[in-house]
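Here is the structure we will look at, set down as structure tokens.
All residue numbers refer to positions in the sequence shown, counting from 1.
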Amino acid sequence: MNIIKTTPEDFLNGLYFIPTFRGNILELDEKGEFEIINKIPIIRVVATPNLKKTVGRLIYLIKDKYFLFKNYENAKWLKNLLKYINEKIYFDKYYRAKKAWYRGIKDLFYDIKTWNFEKAIGKTITLLKILNPIIVFDIHDIRKWHYKKSFVRFVKELRKNKISVVIRFPYECYEEMKLLFPEGTLNVKASIKYFAKVHNCLVSDKVAEHLLKLTNGNLETIYLILKHSKREIKNLRELKIPWLKILPHIVNSKYRKLVEKIIELKKFKIEDIEYRVNYKLPTLYRYLDELVNLGILVKIRYKNKVRFKIKLNRNNLLNLLKNYQENYEHWTTIFLVDNIPTSILLKRNFDGG
């Protein structure tokens, strides 16, 4: 929930996925959460194949929030009730407003209990549409659900009414979720903005998107870029990329130690670097030739001796960064960031890899 609570505005008007640890999901006996952050209500409940229970949990969390339902003019259900409640609130007659609200909520709970589908869903959608929250559904292993259609239809109905939905689920279920909700997206941009904020940086949407495109979600690389940039990065001009710092992290891990020594020396002969790394001579020659092929080094022959010089070509480095085979999958950024407490994120030594 860290990402959603930090940048709730990034989760409005869409259906978003957040893969997570199983242990980070609400248990079936937990009531859920209701919070208002940046004037945006966030409702978090556990969802099950039993739609009646899922709807009941949603209503339970808003049953005392009668003062939040003000924009009722276009309501299809409960319009007269909400009009009466708001009039009583306007004239400071809170007791009458509460009494009317709880009578209406009692009727709604009865509709849910008896599963009067049209009334239960109609009233629920009406209340949620007026409240305009972000609804966060925590789901356990959906692959084991015996019946999924009712929940899928309910989510689609919420989106049809422009209600924002986030689904959190064990990361093992990602492929199944993509099949059930092809319109669902991974809000990696929000996770990068959250990661930056944890490290005292504020980045714009454009910068977050560029960092994603540039690093494919590699947190170590993002951290190093942020560390050498301004505290507030509004546009791409203010984004500084410290290539020498990043280079050891975007090559194959077998080269990392060697590249770190190369950066220290800048220009060297074999004998200058041989004693600094614990490689056999044939392995060292092979690695150096491979780095030459990658465009990181230049081989210079002078007076029957071979020298190497570091070469930083921006286009080569960008291609190297984009093609880095050890980059994270897009969803993994969310998976990592949403589960690492802020205190650990701050303490982690990203410089050390």
Side-chain angles (χ1 to χ4, degrees), residues 1-21 23-48 51 53-72 101 105 108 121 123-140 151 154-170 177 181 183-198 202 205 208 331 333-335 337-342 345:
M1 289 293 292
N2 293 333
I3 302 170
I4 301 171
K5 291 180 180 180
T6 301
T7 58
E9 56 279 356
D10 288 327
F11 289 90
L12 294 173
N13 305 317
L15 171 59
Y16 298 103
F17 293 154
I18 294 188
T20 185
F21 282 125
N24 203 29
I25 293 172
L26 288 173
E27 296 297 334
L28 294 175
D29 58 351
E30 291 186 80
K31 294 177 182 178
E33 301 173 3
F34 181 94
E35 293 184 66
I36 298 178
I37 300 174
N38 297 344
K39 298 182 180 180
I40 301 171
I42 301 173
I43 305 173
R44 180 190 182 195
V45 296
V46 62
T48 65
L51 184 59
K53 287 187 177 180
T54 302
V55 172
R57 290 185 180 106
L58 284 171
I59 299 304
Y60 180 84
L61 288 175
I62 63 174
K63 65 181 177 63
D64 301 318
K65 309 297 188 294
Y66 67 95
F67 49 88
L68 294 176
F69 296 87
K70 297 177 182 178
N71 302 315
Y72 57 85
W101 169 260
I105 287 294
L108 177 50
I121 297 299
K123 291 178 182 179
T124 299
I125 294 288
T126 293
L127 291 175
L128 292 175
K129 195 171 181 180
I130 295 170
L131 187 61
N132 193 25
I134 297 170
I135 299 179
V136 182
F137 290 116
D138 278 22
I139 293 181
H140 290 267
F151 176 71
F154 181 56
V155 171
K156 290 183 183 295
E157 189 65 24
L158 291 173
R159 287 300 307 130
K160 183 180 176 182
N161 285 275
K162 299 181 180 179
I163 298 168
S164 308
V165 178
V166 178
I167 305 178
R168 301 173 73 251
F169 52 87
M177 293 301 296
F181 301 101
E183 69 275 26
T185 58
L186 291 160
N187 202 337
V188 188
K189 179 181 70 175
S191 72
I192 291 176
K193 288 173 71 176
Y194 166 70
F195 182 75
K197 193 168 184 178
V198 168
L202 293 176
D205 287 354
W331 64 267
T333 303
I334 293 178
F335 165 64
V337 174
D338 197 40
N339 288 279
I340 303 174
T342 301
L345 275 175

Residues in salt bridge (charged side-chain N to carboxylate O under 4.0 Å, His left out) contact with Glu33, at least two apart in sequence or another chain: Lys5, Arg44
Do the side chains of Phe137 and Thr54 get nearer than 4.5 Å, heavy atoms only? yes
Least distance between heavy atoms, Gly32 atom then Leu26 atom: CA-CD1, 4.0 Å
Distance, nearest 0.5 Å, that separates OG1 of Thr6 from CE of Met1: 10.0 Å
Could you walk me through whether Phe154 and Ile125 satisfy the side-chain contact (heavy atoms from CB on, under 4.5 Å) test, starting with their C-alpha distance in whole Å, then the side-chain angles of each, then the deciding distance to 0.1 Å, before giving a yes or no? CA-CA 10 Å; Phe154 181 56; Ile125 294 288; 4.3 Å; yes
Locate the shortest heavy-atom distance separating Ile167 from Val165; write the atom from each residue and the value. CG1-CG1, 4.0 Å
Looking only at heavy atoms, what is the nearest atom pair of Asn132 and Lys162, with distance? OD1-O, 4.2 Å
Check whether Tyr194 forms a cation-pi arrangement with Lys197 (NZ or CZ under 6.0 Å from the six-membered ring centre, at most 45° off the ring normal). no
For residues Glu35 and Ile4, determine if any side-chain heavy atom of one lies less than 4.5 Å from a side-chain heavy atom of the other. no
Mind checking whether Phe11 and Ile3 have side chains closer than 4.5 Å, heavy atoms only? yes
Output for pair (Thr7 OG1, Asp205 CG), nearest 0.5 Å, gives 9.0 Å
Side-chain heavy-atom pair Leu127, Leu131 within 4.5 angstrom cut-off: no
Looking only at heavy atoms, the pair that brings His140 and Val46 closest together is CD2-CG2, 4.0 Å
Minimum heavy-atom distance Met177-Phe17, with the two atoms named: O-CZ, 3.6 Å
Working to the nearest 0.5 angstrom, can you tell me the gap between Leu158 CG and Leu58 CG? 7.5 Å
With side-chain contact (heavy atoms from CB on, under 4.5 Å) as the criterion, how do Ile62 and Ile59 come out once you've worked through the C-alpha distance, each side chain's angles and the decisive distance to 0.1 Å? CA-CA 5 Å; Ile62 63 174; Ile59 299 304; 4.0 Å; yes
Closest approach of Ile163 and Pro133, non-hydrogen atoms and distance? CG2-O, 4.2 Å
Measuring from Lys39:NZ to Glu9:CD, what's the distance to the nearest 0.5 Å? 12.5 Å
Checking Arg168 side chain against Asn24 main chain: does a donor-acceptor pair fall under 3.5 Å? yes
Once you round to the nearest 0.5 Å, how far does CG of Asn161 lie from OG1 of Thr126? 8.0 Å
Check against side-chain contact (heavy atoms from CB on, under 4.5 Å), Leu68 and Ile36: CA-CA 11 Å; Leu68 294 176; Ile36 298 178; 4.1 Å; yes
Intermediate values then yes/no, side-chain contact (heavy atoms from CB on, under 4.5 Å), Ile25 and Ile139: CA-CA 7 Å; Ile25 293 172; Ile139 293 181; over 6 Å; no
Pairwise side-chain contact, Pro19 with Phe169, heavy-atom cut-off 4.5 Å (strictly under): yes
In terms of ring plane angle, is the pair Trp101 and Tyr66 parallel, tilted or perpendicular, where the classes change at 30° and 60°? tilted
Looking at Val136, Val166, Asp138, Asn187, which one forms a side-chain contact (heavy atoms from CB on, under 4.5 Å) with Ile18? Val166
Using the side-chain hydrogen bond (donor to acceptor under 3.5 Å, both in side chains) criterion, which residues pair with Glu183? Sequence neighbours excluded. Lys156
Donor-acceptor pair, distance only, cut-off 3.5 Å: does the side chain of Ser164 make one with the backbone of Asn13? yes
With a sphere of 6.0 Å drawn around NZ of Lys63, does it hold more than 12 non-hydrogen atoms of other residues, nucleotides or ligands? yes
Got more than 12 heavy atoms from elsewhere within 6.0 Å of CZ, Phe181? yes
